[in-house]
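Note that the structure is predicted; figures quoted are calculated from it, not measured. Labels below follow one simple rule: chain letters A, B, ... track the order of the sequence lines, proteins then strands, and each chain is numbered from 1.
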Protein chains: 2
Amino acid sequence: MKNDYEKQLRDAGVRITRPRRVILDILSQTDGHPDALEIFKRAVEVDNSISLSTVYRTMKLLEEQGAIHRHAFDGGPSRFEQAGNQHHDHLIDMETGDVIEFHSEMIEKLQEEIARSLGYEIIHHRFELYGRKLKK
Amino acid sequence: MKNDYEKQLRDAGVRITRPRRVILDILSQTDGHPDALEIFKRAVEVDNSISLSTVYRTMKLLEEQGAIHRHAFDGGPSRFEQAGNQHHDHLIDMETGDVIEFHSEMIEKLQEEIARSLGYEIIHHRFELYGRKLKK
DNA sequence: ATGCATGCAAAAAATTTGCAAAACG
DNA sequence: CGTTTTGCAAATTTTTTGCATGCAT
């Protein structure tokens, strides 16, 4: 997928600077869930003047713009992924750290129902399964 | 609820020291979801020689023993609650920070199904709703 | 007694911030 | 050209750890 967030962000009044473009490119070329440090390391390979602060600042900005999602899986640092794909939840393989994405319409519906019955409207949610691969 | 983890822990070979007893008492007198610092502050009121390190070490120990659950709600520090009550998930009021507990058998079943269909066995899961109170 | 637990201070890990200089539109 | 953004270093926040001493069993 091409990095076509650029126009979208520009329209939202976000300046597209060199560091931001580098980070956006990295995000659109990745389908994993890298943390800030990983993004930083890859960014430095492209432009060695980029700083870790800028990565953090950019992640916050992109999150506010809805361009990425931030995850905080058990313990570790925040990990990011581009938004825009269809919504999904995560299953984390506790042995390998692998992240498997899944989607359940049923779950989505249920949580709406639960929230409504408690008198709430959902802004966002986290649904993470932590498991171990079954031997067949 | 009385602090009756003591016997249970003792049987598991865990030494019951003064700091640990103080912390266990605090946990059993609380039905919120305090973080380490809050527990530390309350502990100091009972015994001013307790250190924050010990609180952290004790929380890790109790977690391993299954006596408490650790939560990492969006952003903030780890927050703890005693285990032993029936399993439940959390809805976090984004305006007040209040934590509302709920339980859905349907959700429990669904996640088992999802994990199984992906070839996994669930060790634990996190299901958190972040929402805003509906005005009626 | 003897090993495990504690307090303290220092280290680590993750993230944020102040500020002067540089870059964007 | 006026703002916004950046890099850097330093500060914060949360948590962990090394080590000498103290306490539980």
Side-chain angles (χ1 to χ4, degrees), chain A residues 5-26 33-65 67-80 97, chain B residues 5-26 33-65 67-80 97:
Chain A
Y5 282 115
E6 208 173 299
K7 178 179 185 316
Q8 204 176 125
L9 289 168
R10 216 183 273 278
D11 291 351
V14 172
R15 282 194 186 180
I16 303 303
T17 62
R18 175 135 170 63
R20 284 177 184 170
R21 193 172 352 247
V22 170
I23 291 169
L24 284 169
D25 283 347
I26 289 171
H33 302 72
D35 62 28
L37 197 58
E38 284 159 353
I39 294 168
F40 170 64
K41 285 190 204 146
R42 293 194 222 171
V44 164
E45 286 171 24
V46 179
D47 174 348
N48 74 3
S49 75
I50 286 176
S51 78
L52 182 54
S53 313
T54 295
V55 173
Y56 275 109
R57 282 191 275 232
T58 302
M59 298 328 279
K60 179 170 290 177
L61 176 83
L62 294 179
E63 191 186 7
E64 284 161 4
Q65 296 297 324
I68 61 168
H69 293 306
R70 173 191 301 261
H71 303 294
F73 301 138
D74 270 8
S78 292
R79 296 170 62 173
F80 308 91
Chain B
Y5 282 115
E6 208 171 302
K7 179 179 187 316
Q8 204 175 124
L9 289 168
R10 216 183 273 277
D11 291 350
V14 172
R15 285 192 185 178
I16 303 303
T17 62
R18 177 137 169 66
R20 285 178 183 171
R21 192 172 353 247
V22 171
I23 292 169
L24 284 169
D25 284 348
I26 289 171
H33 301 73
D35 63 27
L37 196 58
E38 282 159 356
I39 294 168
F40 170 65
K41 285 190 206 146
R42 293 195 223 172
V44 164
E45 285 171 24
V46 178
D47 175 347
N48 74 3
S49 75
I50 286 175
S51 78
L52 182 54
S53 313
T54 295
V55 173
Y56 275 109
R57 282 190 276 234
T58 301
M59 298 329 277
K60 178 169 289 176
L61 176 83
L62 295 179
E63 191 186 7
E64 285 161 3
Q65 296 297 322
I68 61 167
H69 294 305
R70 174 191 300 262
H71 302 294
F73 300 139
D74 270 7
S78 292
R79 297 170 61 173
F80 308 91

Checklist entry - Would Met59(A) and Glu63(A) count as a side chain to side chain contact (heavy atoms under 4.5 Å, CB included) if you check the C-alpha gap in whole Å, the side-chain angles of each, and the deciding distance to 0.1 Å? => result CA-CA 6 Å; Met59(A) 298 328 279; Glu63(A) 191 186 7; over 6 Å; no
Checklist entry - Are Val14(B) and Leu62(B) close enough, and set up right, to give a side chain to side chain contact (heavy atoms under 4.5 Å, CB included), and what steps lead you there? => result CA-CA 10 Å; Val14(B) 172; Leu62(B) 295 179; over 6 Å; no
Next on the checklist: Run the side chain to side chain contact (heavy atoms under 4.5 Å, CB included) test on Leu24(B) and Leu9(B) for me, step by step, so that the C-alpha distance in whole Å, both residues' side-chain angles and the decisive distance to 0.1 Å come before the verdict.
Outcome noted: CA-CA 11 Å; Leu24(B) 284 169; Leu9(B) 289 168; 3.7 Å; yes
Item to check | Trace of the salt bridge (charged side-chain N to carboxylate O under 4.0 Å, His left out) decision for Asp11(A) with Lys7(A) | outcome: CA-CA 6 Å; Asp11(A) 291 351; Lys7(A) 178 179 185 316; 2.8 Å; yes
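Protein atom CG of Leu61(A) is 15 Å distant from nucleotide atom C1' of dT16(C), rounded to whole Å. Following rounding to the nearest Å, Leu9(A) (CG) and dT4(D) (C1') show an atom-to-atom distance of 15 Å. As rounded to whole Å, 10 Å separates atom P of dT15(C) from atom NZ of Lys60(A). Taking atom CD1 of Ile50(A) as the reference point, atom P of dC8(D) lies 11 Å away to the nearest angstrom. Going from atom CG of Asp35(B) over to atom P of dT13(D) covers 13 Å, rounded to whole Å. To the nearest angstrom, P of dT5(D) lies 13 Å from CG of Leu24(A).
Taking the six-membered ring where the residue is Trp, Phe73(A) and His71(A) present parallel rings, their angle staying beneath 30° rather than reaching 60°.
Although no hydrogens or angles enter the test, the distance criterion places no donor-acceptor pair under 3.5 Å between the side chain of Arg70(A) and the main chain of Ser78(A). Here the side chain of Glu45(B) pairs no donor or acceptor atom with the backbone of Arg42(B) at under 3.5 angstrom.
For the salt bridge (Lys or Arg N to Asp or Glu O under 4.0 Å) with Glu6(B), the lone residue among Arg20(B), Arg15(B), Arg21(B) that qualifies is Arg21(B). Under the side chain to side chain contact (heavy atoms under 4.5 Å, CB included) test applied with Val22(B), the options Thr17(B), Thr54(B), Val46(B), Val55(B) reduce to a single match, Val46(B).
Side chain of Pro77(A), nearest nucleotide from dT6(D), dC8(C), dA14(C): dA14(C).
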Checklist entry - Going 5' to 3' along nucleotides 18-25 of chain D, which nucleotides have protein heavy atoms under 4.0 Å from the base (write B), which only from the sugar-phosphate (write S), and which from neither (write -)? => result B-----BS
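Sorted by residue number, the list of members of residues 39-47 of chain B with any non-hydrogen atom under 4.0 Å from DNA chain D is empty.
In terms of position on DNA chain C, the residue among Leu52(B) and Arg70(A) whose nearest nucleotide sits closer to the 5' end is Leu52(B).
Checking the phosphate oxygens (OP1, OP2) of dG7(D), a side-chain nitrogen or oxygen of Ser49(A) falls inside 4.0 Å. Here Tyr56(A) does not reach the OP1 or OP2 of dT16(C): none of its side-chain N or O atoms lies under 4.0 Å away.
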